[in-house]
Amino acid sequence: MSSSRNCPRIRSAPSALGRSLTFDPTPFDEARAQLLADGRPPALVEALVDSAENRPRSDLVSPAVRDLTGRPARSFHEWADRNADAFSPR
(Lines give C-alpha, C1' and ligand atoms only; values in the text may rest on other atoms or scores of the structure.)
Protein backbone atom coordinates (compact mmCIF):
# COMPACT_ATOMS: atom_id res chain seq x y z
CA MET A 1 0.00 0.00 0.00
CA SER A 2 2.15 2.76 -1.28
CA SER A 3 1.97 5.83 -3.33
CA SER A 4 4.16 6.61 -6.30
CA ARG A 5 5.23 9.70 -4.35
CA ASN A 6 7.79 7.41 -2.66
CA CYS A 7 9.58 6.68 -5.94
CA PRO A 8 12.25 9.41 -5.62
CA ARG A 9 13.50 7.70 -2.47
CA ILE A 10 13.57 4.33 -4.17
CA ARG A 11 15.49 5.85 -7.09
CA SER A 12 18.14 7.35 -4.80
CA ALA A 13 18.89 4.15 -2.86
CA PRO A 14 20.58 2.00 -5.58
CA SER A 15 23.72 4.12 -5.73
CA ALA A 16 24.18 3.63 -2.01
CA LEU A 17 23.33 -0.07 -2.11
CA GLY A 18 25.18 -0.95 -5.27
CA ARG A 19 22.18 -2.77 -6.73
CA SER A 20 18.97 -1.90 -8.48
CA LEU A 21 15.61 -1.65 -6.76
CA THR A 22 12.11 -1.62 -8.14
CA PHE A 23 9.01 0.02 -6.81
CA ASP A 24 5.73 -1.77 -7.40
CA PRO A 25 2.86 0.17 -5.82
CA THR A 26 0.00 -1.90 -4.46
CA PRO A 27 -3.44 -0.60 -5.39
CA PHE A 28 -5.39 0.45 -2.31
CA ASP A 29 -8.18 -2.06 -2.97
CA GLU A 30 -5.66 -4.91 -3.13
CA ALA A 31 -3.95 -3.74 0.05
CA ARG A 32 -7.32 -3.52 1.81
CA ALA A 33 -8.26 -7.05 0.69
CA GLN A 34 -4.91 -8.51 1.79
CA LEU A 35 -5.00 -6.83 5.19
CA LEU A 36 -8.50 -8.13 5.79
CA ALA A 37 -7.52 -11.62 4.58
CA ASP A 38 -4.61 -11.55 7.04
CA GLY A 39 -7.15 -11.10 9.83
CA ARG A 40 -6.62 -7.43 10.61
CA PRO A 41 -9.61 -5.72 12.25
CA PRO A 42 -11.73 -3.93 9.62
CA ALA A 43 -11.57 -0.61 11.49
CA LEU A 44 -7.76 -0.76 11.52
CA VAL A 45 -7.64 -1.66 7.83
CA GLU A 46 -9.88 1.26 6.92
CA ALA A 47 -7.80 3.64 9.03
CA LEU A 48 -4.54 2.45 7.42
CA VAL A 49 -5.86 2.57 3.87
CA ASP A 50 -7.53 5.94 4.43
CA SER A 51 -4.34 7.43 5.83
CA ALA A 52 -2.31 6.08 2.90
CA GLU A 53 -4.81 7.38 0.34
CA ASN A 54 -4.91 10.83 1.93
CA ARG A 55 -1.29 11.24 3.00
CA PRO A 56 0.12 14.69 2.35
CA ARG A 57 3.29 15.10 0.34
CA SER A 58 6.31 13.93 2.28
CA ASP A 59 8.80 16.51 1.07
CA LEU A 60 8.13 18.78 4.04
CA VAL A 61 11.33 20.02 5.63
CA SER A 62 11.05 20.42 9.38
CA PRO A 63 13.59 21.84 11.83
CA ALA A 64 12.64 19.14 14.39
CA VAL A 65 15.79 17.01 13.93
CA ARG A 66 18.07 20.03 14.24
CA ASP A 67 16.08 21.28 17.23
CA LEU A 68 16.32 17.91 19.00
CA THR A 69 19.85 16.83 18.08
CA GLY A 70 21.65 20.08 17.36
CA ARG A 71 22.59 18.75 13.88
CA PRO A 72 20.79 19.16 10.58
CA ALA A 73 18.80 16.20 9.28
CA ARG A 74 20.34 14.07 6.55
CA SER A 75 18.68 13.51 3.22
CA PHE A 76 17.33 10.06 2.42
CA HIS A 77 20.26 9.54 0.03
CA GLU A 78 22.76 10.42 2.77
CA TRP A 79 21.01 8.06 5.17
CA ALA A 80 20.93 5.23 2.59
CA ASP A 81 24.60 5.75 1.78
CA ARG A 82 25.58 5.68 5.46
CA ASN A 83 23.46 2.58 6.21
CA ALA A 84 23.99 0.61 2.99
CA ASP A 85 25.75 -2.26 4.79
CA ALA A 86 22.60 -3.02 6.78
CA PHE A 87 20.73 -3.68 3.52
CA SER A 88 23.42 -5.53 1.59
CA PRO A 89 23.19 -9.27 1.03
CA ARG A 90 25.54 -11.17 3.26
Side-chain angles (χ1 to χ4, degrees):
M1 178 172 50
S2 298
S3 166
S4 59
R5 293 181 293 215
N6 293 331
C7 287
R9 290 190 180 122
I10 298 301
R11 285 192 294 268
S12 70
S15 63
L17 298 176
R19 60 188 166 109
S20 64
L21 298 176
T22 58
F23 177 79
D24 296 318
T26 302
F28 295 113
D29 289 341
E30 287 181 29
R32 178 183 287 108
Q34 186 61 57
L35 290 166
L36 291 168
D38 289 344
R40 303 294 192 283
L44 173 62
V45 170
E46 291 309 314
L48 291 171
V49 172
D50 183 62
S51 69
E53 285 181 307
N54 297 299
R55 179 180 351 187
R57 292 191 51 87
S58 61
D59 56 358
L60 173 69
V61 176
S62 166
V65 171
R66 185 184 61 244
D67 293 347
L68 292 169
T69 67
R71 296 180 306 234
R74 292 188 296 249
S75 69
F76 179 81
H77 182 76
E78 291 167 323
W79 175 87
D81 197 38
R82 183 176 181 152
N83 293 282
D85 289 343
F87 299 97
S88 298
R90 298 189 198 298

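Side chains included, hydrogens not; waters and symmetry mates left out as well; all remaining heavy atoms used.
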_Once rounded to the nearest 0.5 Å, what's the spacing between atom CD of E30 and atom CZ of R32?_
11.5 Å

*Do the side chain of N54 and the main chain of D50 share a donor and acceptor less than 3.5 angstrom apart?*
yes

*When rounded to the nearest 0.5 angstrom, what distance separates CD in E46 from CG in L35?*
9.5 Å

*Measure from the side-chain N and O atoms of E78 to the backbone N and O of S75, and report whether any donor-acceptor pair falls under 3.5 Å.*
yes

*For the residue pair P25 and P27, what are the closest heavy atoms and their distance?*
O-CD, 3.7 Å

